[in-house]
Amino acid sequence: MVFPVLLWHRRDLRLQDNAALSEAAQHSLQVVPVFVFDRQILERLDTAPARVAFMLQALQRLQEGYRQLGLTLVWRLGDPGVELQQLATELGAQAVFWNEDVEPFARQRDRRVQESLAAAGIRSFVCQDLMLHPAGEVLTQTGEPYSVFTPFWRRWSSLPKRDPYPVPKGLQPLPNLEEQPLPSLADLGFVCTQEIPAAGEAAAQQLLEDFCGGLRILDYERSRNFPAEEGTSRLSPHLRWGTLGIRQVWQATVEVEAEVRSEEAQASLQTWRQELCWREFYKHVLAHWPHVETGAYRRAFDALAWDNRQDWFQAWCAGETGYPMVDAAMRQLNQTGWMHNRCRMIVASFLTKDLLIDWRWGERYFMQKLVDGDLAANNGGWQWSAGVGTDPKPLRIFNPATQAARYDPEGEYIRRYLPELAGLDTSALLWVGDDAKGAWALQERRACGYPAPIVDHKVQQQEFKRRYQAVQR
DNA sequence: TTTTGAGTTGTTCGA
DNA sequence: GTCGAACAACTCAAA
């Protein structure tokens with residue numbers, strides 16, 4: 001007698017390299033994949049239409065993938081605890097498998113689901129899939145979690161990495177299970193106006209191949225700094241939604257390593273691997289210190305005095321601050337649901353240190369727009385930018401003009417996202433300041449209908465420093 | 001226990 | 001234009 005088992009998909013929308021899928025198949029070949037649209041998540045204020053749209057498309061691809069294996073992806077809308085218990089009972093399933101998450105909300109939900117299943121005599125199996133090394137596996141010599149990246153990286157990179165999980169063979173369909181067409185974005189109550197990237201496993205594999213199989217990864221150290229270039233992998237939405245497995249990504253870097261000759265290429269490879277490590281570092285931070293979800297890692301900095309001016313916040317959101325690099329970046333976010341990482345740092349520094357607005361406002365806005373929006377990574381990035389996170393030693397205040405001159409020297413990125421300024425001379429895009437040249441640049445921009453800077457960087461950063469130091473004492 | 005070395009991504013100044 | 005030093009001085013991780 002074969003009993004079916006449920007595989008509960010959440011942020012692992014793929015067949016390849018999926019821990020829970022492999023483990024479920026070892027338990028029973030009659031695997032029923034299921035996804036639950038969680039009303040609580042859909043109704044949250046920081047749920048981005050772009051993210052839901054990407055997820056839906058990934059689910060469509062996943063449904064097609066299962067169809068090719070002869071299986072049916074089942075979906076429900078409601079409370080996962082209720083829905084999974086009902087479905088398992090209905091189908092006579094004796095176990096539910098899923099991949100562990102680190103977010104406080106998810107952990108609490110999963111505990112509830114586990115209890116609700118247990119009450120019905122159904123077992124739960126929680127698998128490790130999200131990271132190369134789950135929280136608790138990377139610890140200092142005294143068994144403490146790391147709070148500084150570099151020692152974490154040294155330990156993390158020295159640990160052996162496991163191979164990708166193969167797609168299980170011989171999966172058996174459950175008879176009489178009919179495929180339900182997935183809901184549309186509108187059915188879920190969302191409208192997405194952003195031009196989001198293609199979702200699904202095939203798209204993810206293609207990006208990985210483009211980045212690691214070509215030469216781009218070998219120039220990453222340099223090209224990642226220039227937002228006008230296609231220097232980054234663009235894998236973030238896929239790692240967010242699990243349309244790509246992390247072990248497979250690591251394996252791709254191992255294959256590159258075998259062919260690397262020059263020292264620069266070797267450095268590029270390691271730098272990119274560090275980015276994978278950063279992803280896990282912030283997940284560890286969230287898992288070990290869940291208070292970061294709502295406040296500063298260094299609690300003293302919850303006392304930082306913010307101005308929180310609504311009009312300035314609106315200008316920042318809309319990309320109308322009068323600082324071209326900041327505005328171009330915000331418009332990229334608004335238009336595409338993605339922003340280059342250097343620009344994320346620039347706009348975050350600007351919101352907190354120039355506009356004196358609480359980093360959590362920016363964090364929330366990012367979550368409302370980002371297709372790759374992830375609590376741990378977004379929160380970690382914002383706390384780092386605000387100087388309240390795990391490693392705030394050097395108080396880095398980005399100068400938006402210096403950053404633009406250094407990383408967009410031809411103004412290519414600025415022109416792409418601020419078309420009203422596209423006809424101007426590069427110096428008119430980049431110059432800022434109170435000298436004659438700065439005044440000329442502002443005049444040129446104003447003639448195009450572009451706003452004057454809403455704040456003076458020099459004045460504001462002084463004020464921020466003052467407040468920051470007041471908290472330190 | 002104490003000490004030591006070092007810390008993602010900066011900025012500005014002056015040689 | 002490029003480079004190195006000063007900035008200011010705290011906290012973590014390991015020896």
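Residue numbers start from 1 in every chain, and the chains themselves are labelled A, B, ... in the order their sequence lines are given, proteins ahead of strands.
When the P atom is used for both B:dT2 and C:dA9, the distance is 25 Å, rounded to whole Å. Rounded to the nearest Å, the gap between the C1' atom of C:dA13 and that of B:dT1 is 15 Å. Nucleotides C:dA8 and B:dT12, compared at atom P, are 14 Å apart to the nearest Å. A distance of about 22 Å separates the C1' atoms of B:dT4 and C:dC7, rounded to the whole Å.
Between A:Ile397 atom CD1 and C:dA6 atom C1' the separation is 16 Å, expressed in whole Å. Regarding A:Lys458, its NZ atom lies at a distance of 8 Å from the P atom of B:dC13, rounded to whole Å. B:dG10 atom P lies 10 Å from atom CD1 of A:Ile346, rounded to whole Å. Going from atom CZ of A:Phe464 over to atom C1' of B:dG10 covers 14 Å, rounded to whole Å. Between the C1' atom of C:dA14 and the CZ atom of A:Arg154 lies a distance of 10 Å, rounded to the nearest Å. The interatomic distance linking A:Leu430 (CG) with C:dG1 (P) rounds to 13 Å, in whole Å. The nearest whole Å value for the distance from the CZ atom in A:Arg155 to the C1' atom in C:dA15 is 16 Å. For the pair A:Gln462 CD and B:dG10 P, the interatomic distance rounds to 20 Å; values are reported in whole Å.
Contacts between residues 137-149 of chain A and DNA chain C, counted as heavy-atom distances below 4.0 Å, involve A:Thr140, A:Gln141, A:Tyr146, A:Ser147, A:Val148.
One finds a side-chain N or O of A:Arg406 lying less than 4.0 angstrom from the OP1 or OP2 phosphate oxygen of B:dT11. The side chain of A:Thr402 contributes an N or O atom lying less than 4.0 Å from OP1 or OP2 of B:dT12. The phosphate of B:dG10 has neither OP1 nor OP2 within less than 4.0 Å of any side-chain N or O from A:Asn399. Taking 4.0 angstrom as the limit, A:Tyr468 places none of its side-chain polar atoms (N or O) nearer than this to OP1 or OP2 of C:dC10. The side chain of A:Gln461 places no N or O atom within less than 4.0 Å of a non-bridging phosphate oxygen (OP1 or OP2) of B:dG10.
A:Arg360 has a carboxylate O that lies under 4.0 Å from a charged side-chain N of A:Asp358, or vice versa, which qualifies the two as a salt bridge. Salt bridge status for A:Asp374 with A:Arg279: absent, with no side-chain N to carboxylate O gap under 4.0 Å. The pair A:Arg10-A:Glu103 does not count as a salt bridge, with every side-chain nitrogen at least 4.0 angstrom from each carboxylate oxygen. A salt bridge links A:Asp129 to A:Arg247: at least one charged side-chain nitrogen sits closer than 4.0 Å to a carboxylate oxygen. In this structure, A:Arg415 does not pair ionically with A:Asp408, as no charged nitrogen and carboxylate oxygen lie closer than 4.0 Å. Between A:Asp12 and A:Arg240, none of the side-chain N atoms (NZ, or NE/NH1/NH2) sits under 4.0 Å from a carboxylate O, so this pair counts as no salt bridge. Ionic pairing of A:Glu280 and A:Lys283 is not present here: no N-O contact between side-chain nitrogen and carboxylate oxygen is shorter than 4.0 angstrom.
Residues A:Met131 and A:Ile246 are not in side-chain contact: their nearest non-hydrogen atoms beyond the backbone lie 4.5 Å or more apart.
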As a quick check of understanding, evaluate side chain to side chain contact (heavy atoms under 4.5 Å, CB included) for A:Phe97 and A:Trp8, giving each step before the final call. CA-CA 6 Å; A:Phe97 288 75; A:Trp8 180 23; over 6 Å; no
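With a 3.5 Å limit on both pairing distances and Watson-Crick or G-U wobble geometry required, the stems of 3 or more pairs in DNA chain B span B:2-7 with C:10-15, B:10-15 with C:2-7.
Contacts of A:Phe226 with the nucleic acid, taken as non-hydrogen atoms under 4.0 Å apart, are absent. Within the nucleic acid shown, A:Asn341 comes within 4.0 Å of at least one base atom, counting heavy atoms only. In this structure, A:Phe152 reaches neither bases nor backbone, as no heavy-atom distance under 4.0 Å exists between it and the strands shown.
At distances below 3.5 Å, at least one donor-acceptor pair connects side-chain atoms of A:His291 with backbone N or O atoms of A:Ala296.
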